[in-house]
Amino acid sequence: MPSIRALPDTLISQIAAGEVVERPASVVKELLENALDAGAQAIEVTLEQGGIKRIRINDDGGGIASEDLHLALARHATSKIATLDDLEAVRSLGFRGEALASIASVSRMNMVSRQAQAQHASGITAEGGPPGATEPAAHATGTTVEVADLYFNTPARRKFLKSEATEFAHCEDMVKRAALSRHDVAFSLRHNNRVVLHLPRHVEAEGDPRRRIEAILGAEFAQSMRPVDESGGGDNPLRLSGYAGAPSFSRSGRDLQFVFVNGRFVRDKVLTHALRQAYSDLMHGDRHPGYVLYLAIDPRAVDVNVHPSKIEVRFRDSRAIHQFVYHAVTKALSGNAAQTPVPSAAPMLSDAGWMQPRPSYGNAMPAYQPGLGGLGVAQPRGEYAAFVASARAAQTAAAVLPQAVQSVQDDAHPLGYALAQLHGIYILAQNALGLVLVDMHAAHERILYEKLKTSLDASAMQTQKLLVPAIFNADKLDMATAEEHAETLHALGFDVAPFSPTTLAVRAVPALLAGGDLAALARGILHDIREFGASRVITERQNELLSTMACHGAVRAHRALTQQEMNALLREMEETERSGQCNHGRPTWYQMSLTDLDKLFLRGR
């Protein structure tokens with residue numbers, strides 16, 4: 001058996017580099033963190049061939065003393081921590097003292113730095129091994145690190161690098177993360193002599209990263225995003241700030257999801273799950289939200305020394321963090337139609353990818369009923385004539401549709417008043433901005449869902465006894481479930497009892513759902529209770545269950561509504577939180593402005 005022997009320092013460094021330097025983007029990340037820790041106010045990143053050939057990062061930070069340059073390239077040497085207490089309360093982005101040494105062991109590195117009080121700068125080089133001697137150099141206050149020919153001495157690792165375009169995309173992502181974390185720092189990115197990003201400092205924003213977010217994530221996201229600013233934690237203060245994208249803004253991937261903990265970009269399962277839950281009944285299908293969120297927490301309450309990449313963290317009280325983040329984002333996403341941004345149909349109409357087949361509601365056409373369950377009667381249209389007249393007067397005075405018209409709308413009903421029903425599916429309404437399109441089933445579904453949640457949370461589910469019970473055939477499992485879980489059914493507002501050995505009778509239902517398909521609704525409830533258990537249905541799967549109930553109880557497609565019923569639905573939408581999306585995440589309404597309509601008909605050309 002071979003004897004145990006100590007590994008040479010060069011091999012040790014290359015092994016460590018395998019964890020720290022995965023690709024050029026890893027180098028960019030580590031050097032950006034060093035620049036930010038040094039107090040830089042402007043950082044320039046220059047890349048060649050996606051960073052494979054050359055990475056150059058220049059900053060105007062505090063610089064490194066000449067006598068410390070050699071030590072900066074040594075393993076486990078750092079100025080950021082000195083004791084275990086420092087490690088447990090680390091505030092800097094870097095702290096492990098191994099990044100520069102790891103990078104130097106697999107590249108040709110040159111570093112030049114100068115402190116403000118120094119007479120001249122100093123430089124040092126390393127080529128896949130120990131650094132050379134420190135030499136005088138010319139440089140302004142700050143540091144420049146140049147990394148060339150990454151993995152030149154470990155060709156096996158170099159073979160794992162992807163194409164130039166792929167490696168550059170990862171590097172660009174690292175720069176964007178750093179820029180989102182510090183909008184008070186200017187960033188520039190140049191690739192193959194072409195300027196890709198130029199982001200000036202925004203010190204006047206007083207801590208608000210809105211302009212930086214718009215510059216990086218785009219105007220469409222910026223127009224949809226909703227502010228998040230919540231504090232809590234008691235003796236262990238917490239603050240979550242930033243912006244959460246509206247549910248109407250969604251992506252097929254998770255590329256616009258950024259979470260920072262004390263300024264550090266992280267991917268954490270606790271935070272990801274909390275955010276997914278906050279969007280759970282607002283996002284459609286496999287779509288993903290966008291957000292840029294900043295969590296400020298006592299450094300002693302989070303462990304950042306989990307992995308060399310420092311992208312993973314571990315919270316000491318993960319449950320409390322989960323609940324805090326979930327409730328903060330849920331609060332930001334709540335709000336009725338009068339409080340949330342207008343979902344414009346204009347970009348949707350111009351996006352060919354949006355034109356999907358509309359969902360089928362089946363062939364059933366329920367008989368017309370004079371009343372719509374849960375909705376009252378709206379104000380008469382006569383009031384709307386004065387409203388439209390004042391809006392038009394404001395529009396004429398302004399020549400466009402700015403604040404004058406908006407103020408009129410804010411004082412009245414933002415969804416306007418119903419004009420007609422289209423194919424028994426959509427409501428067409430007119431407001432000060434133009435035309436409002438409403439999916440009546442989706443909108444009513446959200447209204448019922450929110451009312452059911454409120455009633456169940458307050459243990460005040462109002463029931464309505466049926467004059468004529470709804471009787472349906474049931475198998476033995478359904479019969480047994482109804483008898484064994486009568487208490488759970490009562491808590492949900494149902495009275496379901498055996499009518500015969502093979503049938504069940506629905507004698508009472510939640511008052512909000514009295515106009516729905518009661519037999520189908522009862523079958524669905526019994527199935528969920530049997531499948532998941534009564535306790536889980538009431539706790540873990542409560543929202544899914546209530547969503548199913550609301551879907552069964554909502555007004556169906558092809559149902560003829562009176563104008564009063566349509567207006568009543570609009571008024572309910574204006575008062576219901578999260579009414580912009582149905583329980584499955586589909587939009588419930590869109591706004592088409594007069595400008596949009598003029599473009600369709602080429603008016604003014």
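The shown structure was predicted, so the numbers you read here are calculated from the model rather than taken from an experiment.
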Minimum side-chain heavy-atom gap Lys451-Leu513 below 4.5 Å: no
Student check: side-chain heavy atoms of His490 and Asp495 closer than 4.5 Å: yes
Side chain proximity check, Leu240 to Leu238, heavy atoms < 4.5 angstrom: no
Nearest heavy-atom neighbours spanning Ala442 and Pro587: CB-O, 4.4 Å
Whether Arg212 side chain and Ala179 backbone form a donor-acceptor pair below 3.5 Å: yes
Nearest heavy-atom neighbours spanning Ser231 and Phe324: C-CE1, 3.8 Å
Axial cation check for Tyr417 ring with Arg571, 6.0 Å and 45° limits: yes
Side chain to side chain contact (heavy atoms under 4.5 Å, CB included) partner of Tyr449, chosen from Thr454, Asn543, Leu512: Asn543
Over all atoms of both residues, closest heavy-atom pair of Leu477 and Arg530: CB-CD, 3.7 Å
Contacts of Tyr279 that satisfy ring-ring contact (aromatic ring centres under 6.0 Å, His included) - sequence neighbours left out: none
Arg446 vs Asp281 side-chain heavy atoms within contact, under 4.5 Å: yes
Distance-only polar pair, side chains of Tyr243 and Asp208, donor-acceptor under 3.5 Å: yes
Any residue meeting ring-ring contact (aromatic ring centres under 6.0 Å, His included) with His322, in chain and number order, not counting sequence neighbours: His273
Side chain to side chain, Met549 and Ile525, heavy atoms closer than 4.5 Å: yes
Residue pair Tyr426 / Asp439, side-chain heavy-atom distance below 4.5 Å: yes
Closest contact, heavy atoms only, Met566 versus Ala418: CB-CB, 3.6 Å
Side chain to side chain, Met573 and Pro414, heavy atoms closer than 4.5 Å: no
